[in-house]
Amino acid sequence: MEIFKYLEKYDYEQVVFCQDKTSGLKAIIAIHDTTLGPALGGTRMWTYESEEAAIEDALRLAKGMTYKNAAAGLNLGGGKTVIIGDPRKDKNEEMFRAFGRYIQGLNGRYITAEDVGTTVADMDLIHEETDFVTGISPAFGSSGNPSPVTAYGVYVGMKAAAKEAFGSDSLEGKVIAIQGVGNVAYTLCKYLHEEGAQLIVTDINKEAVARAVEDFGAKAVDPNDIYSVECDIYAPCALGATINDDTIPQLKAKVIAGSANNQLKDTRHGDIIHEMGIVYAPDYVINAGGVINVADELYGYNHERAMKKVELIYNSIEKIIEIAKRDGIPTYVAADRMAEERIERMRNSRSQFLRNGHNTLSRRK
Ligand SMILES: NC(=O)c1ccc[n+]([C@@H]2O[C@H](COP(=O)([O-])OP(=O)(O)OC[C@H]3O[C@@H](n4cnc5c(N)ncnc54)[C@H](O)[C@@H]3O)[C@@H](O)[C@H]2O)c1
Ligand SMILES: CC(C)C[C@H](N)C(=O)O
């Protein structure tokens with residue numbers, strides 16, 4: 001990858017490589033855009049096939065956060081971190097503390113939280129070194145684990161998408177195929193089961209599958225079979241790029257609505273599913289519940305207020321579907337336009353000079 005060419009093409013602001021030999025920390029912090037405010041985005045810990053794959057993931061996820069935060073109406077820019085390593089084996093206290101010091105060094109340009117492979121306990125370690133971390137233990141007045149709130153947002157967003165596809169937002173009796181039953185999808189399954197949906201689940205982690213089968217009467221299938229099962233809704237809740245040339249021809253679902261980031265391998269895959277008449281709930285709109293929840297900490301966390309904002313994901317999905325129909329465009333394009341227009345409006349409205357957030361003349365002492 002020619003990194004500067006890539007940064008220029010998608011207008012990234014900054015990429016920070018963090019290395020700490022003692023703890024084994026190898027992290028990449030990508031800051032995409034801070035027009036709306038500090039870049040907020042989670043930290044993913046994953047075993048990557050190559051350093052290039054890790055950089056690419058950090059960059060793609062950071063850009064996704066710019067769009068997610070903008071579309072959710074948050075005054076936050078987009079960034080993300082990936083830590084290279086196996087979250088089951090390679091974590092240690094020193095690693096997260098070293099990482100916390102790197103975040104502190106960015107002096108508020110980047111605020112972190114959980115993502116795949118990291119937990120509230122990891123965020124608490126980061127918090128030993130910096131305040132620029134959210135999703136820490138509720139004992140600190142924080143919002144804790146964002147995943148259950150993300151799940152609620154996905155649930156309401158799925159209902160809005162179902163209304164378009166099936167004429168009603170009831171999920172009772174609907175067959176829903178869920179890929180990955182980790183932190184978010186477990187709670188999502190709970191909501192769906194309570195509403196009377198029939199669940200088909202898969203995961204590379206057998207224990208996660210067993211739990212969903214036991215708790216929600218879900219039917220389990222092998223990871224490769226999830227795309228082709230007979231279902232009404234496909235909910236990608238594992239990793240990204242699962243909507244691609246190989247999987248699209250297998251899909252039977254009329255709706256795609258799940259929590260995973262970067263679900264479309266490429267934008268053209270969004271065009272293909274649009275032409276097939278599949279209702280696609282854009283990933284960064286439907287999965288914004290977690291970031292809406294952690295962002296509320298910046299105002300002094302209030303769970304009820306955060307949940308009310310998350311509930312509005314239903315309206316956002318409805319609005320995006322309306323715009324897509326009106327303009328004859330795929331939903332992912334409608335969502336991108338909505339986010340880009342907000343960033344552009346704010347960029348223009350900030351053209352006046354403002355020092356330290358106060359609109360007063362500052363004199364040298
Ligand atoms: N946690 C949040 O609040 C949040 C917010 C927004 C978006 N997301 C996104 O939602 C997705 C899930 O997040 P999570 O926090 O639940 O993560 P998680 O790690 O708890 O769950 C992901 C699950 O997917 C499984 N998995 C991985 N590869 C798989 C494959 N090929 N086939 C089947 N299963 C596979 C894992 O074993 C794991 O159980 C991620 O893409 C994440 O970026 C999460
Ligand atoms: C909780 C959030 C800050 C991060 C979350 N993993 C997301 O992708 O939205």
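Scope of the values below: all heavy atoms of this structure, side chains included, with no hydrogens, waters or symmetry mates. As the structure lists them, so they are numbered: ligands from 1, and atoms in each ligand from 1.
Within 4.0 Å of ligand 1, contacts by protein heavy atoms are made from R44, K68, D115, V116, P146, S147, T150, G180, G182, N183, V184, D203, I204, N205, C237, A238, S259, A260, N261, N287. Listed by chain and number, residues touching ligand 2 at under 4.0 Å (heavy atoms only) are L40, G42, M65, K68, K80, A113, E114, D115, P146, N261, G290, V291, V294.
At a threshold of 4.5 Å between non-hydrogen side-chain atoms, the residues Y102 and T81 do not count as touching. For the pair Y10/D33, no side-chain contact is recorded, criterion being any heavy-atom separation below 4.5 Å from C-beta on. Side-chain contact between R44 and V82: present, with at least one pair of heavy atoms (C-beta onward) separated by less than 4.5 Å. Contact annotation: the side chain of E114 never approaches that of N183 to less than 4.5 Å [non-hydrogen atoms, C-beta and beyond].
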Problem set entry | Steps toward ring-ring contact (aromatic ring centres under 6.0 Å, His included) verdict (Y152, Y191) | CA-CA 8 Å; Y152 184 63; Y191 286 119; 5.4 Å; yes
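Salt bridge R60/E56: absent, no basic N to carboxylate O contact under 4.0 Å.
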Show me, pair by pair, the donor-acceptor contacts under 3.5 angstrom made by side chains of residues 206-219, not counting sequence neighbours?
from : atom 1 : to   : atom 2 : distance (Å)
D215 : OD2    : Y186 : OH     : 2.4

Solution key, residues 159-166 side-chain donor-acceptor pairs under 3.5 Å, sequence neighbours excluded:
from : atom 1 : to   : atom 2 : distance (Å)
K159 : NZ     : D169 : O      : 3.0
K159 : NZ     : E195 : OE1    : 3.0
K159 : NZ     : E195 : OE2    : 2.8
K163 : NZ     : E318 : OE2    : 2.5
E164 : OE1    : K325 : NZ     : 3.2
E164 : OE2    : K325 : NZ     : 3.3

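With 3.5 Å as the limit, one finds a donor-acceptor pair spanning the side chains of Y301 and N293.
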